[in-house]
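We number each residue from 1, following the sequence as shown. What's counted below: heavy atoms across the whole structure, side chains too, no hydrogens, waters or symmetry copies.
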Amino acid sequence: MADLMGSRAYCCFKCQNLVAFHDDIVSKDFQASNGRAFLFSHAMNIFLGPKEDRQLMTGLHTVADVYCSDCGEELGWKYIKAYEETQKYKEGKCVLEKFKIVLGNG
């Protein structure tokens with residue numbers, strides 16, 4: 001198992017459950033309905049809601065809402081499929097809303 005001590009990490013704001021590492025941030029320039037959000041290449045300790053097609057600012061995507069596995073708080077969404085060729089890089093990645101996560105230590 002990798003040494004996680006001292007890694008900068010993000011936790012659920014409600015229960016402090018570890019959900020992502022700082023090193024997995026792909027972009028800090030995402031916008032959610034409630035403000036800023038980060039795109040992560042990987043998230044953990046989450047579960048997904050049902051898949052659905054949504055018209056987002058960058059086009060049509062199939063997404064699933066992302067929830068904290070401990071407390072069930074909705075934290076953001078995961079891109080399942082992007083229909084625009086320029087948006088394919090988002091597939092499999094998670095967007096976590098900044099106000100729903102707090103910086104902690106892994």
What are the two closest non-hydrogen atoms of Ser27 and Asp29, and how far apart are they? OG-N, 3.1 Å
Take Val19 and Leu96 through the test side chain to side chain contact (heavy atoms under 4.5 Å, CB included) and record every step on the way to the result. CA-CA 9 Å; Val19 293; Leu96 302 178; 4.1 Å; yes
Roughly how far apart are Phe13 CZ and Glu73 CD, rounded to 0.5 Å? 4.0 Å
For Leu18 and Ala9, which heavy atoms make the closest approach, and how far apart are they? CD1-CB, 3.2 Å
Does the side chain to side chain contact (heavy atoms under 4.5 Å, CB included) test come out yes or no for Lys78 and Lys93, once each step is laid out? CA-CA 6 Å; Lys78 182 173 185 172; Lys93 296 177 177 64; over 6 Å; no
Hey, is NZ on Lys88 packed in by over 12 heavy atoms from elsewhere, all under 6.0 Å? yes
Same cluster or not: Leu56 versus Tyr89, using hydrophobic residues (I, L, V, M, F, W, Y) connected whenever any side-chain heavy atoms lie under 4.5 Å apart? yes
If you draw a 6.0 Å radius around CD in Gln55, do more than 12 non-hydrogen atoms from other residues or ligands fall strictly inside? yes
Locate the shortest heavy-atom distance separating Asp70 from Cys15; write the atom from each residue and the value. CB-SG, 3.7 Å
Heavy-atom closest pair, residues Phe47 and Cys68: CE2-O, 3.4 Å
Go through it in stages, so that I can follow the logic: the residues are Leu75 and Tyr10, the test is side chain to side chain contact (heavy atoms under 4.5 Å, CB included), and I'd like the CA-CA distance, side-chain angles, deciding distance and then a yes or no. CA-CA 11 Å; Leu75 302 175; Tyr10 288 94; over 6 Å; no
Can you name the closest pair of heavy atoms from Glu74 and Lys100 and give their distance? O-NZ, 2.9 Å
Side chains of Asp53 and Thr62 only: does a donor on one sit below 3.5 Å from an acceptor on the other? yes
How long is the span from the CD1 atom in Ile25 to the NE2 atom in His22, to the nearest 0.5 Å? 5.0 Å
Lys90 vs Phe30, side chain to side chain contact (heavy atoms under 4.5 Å, CB included): CA-CA, chis, key distance, verdict: CA-CA 11 Å; Lys90 297 176 183 175; Phe30 274 68; 3.8 Å; yes
Given ring pair (Phe, Tyr, Trp, His ring centres under 6.0 Å), test Phe21 with Phe40 step by step and report yes or no. CA-CA 8 Å; Phe21 287 110; Phe40 288 88; 9.7 Å; no
Under 4.5 Å between any side-chain heavy atoms of Gln16 and Val102, yes or no? yes
In this structure, CG of Asn17 is separated from OG of Ser69 (nearest 0.5 Å) by 4.5 Å
Straight-line distance of His61 NE2 to Arg54 CZ, nearest 0.5 Å: 11.0 Å
As an exercise, state the distance from SG of Cys12 to CD1 of Ile46, rounded to the nearest 0.5 Å. 11.5 Å
Any chance you could measure Cys94, atom SG, to Leu39, atom CG, to the nearest 0.5 Å? 8.5 Å
ILVMFWY network linking Ile101 to Val66, side-chain heavy atoms under 4.5 angstrom: yes
Closest heavy-atom pair and its distance - Tyr83, Leu60: CD1-O, 3.2 Å
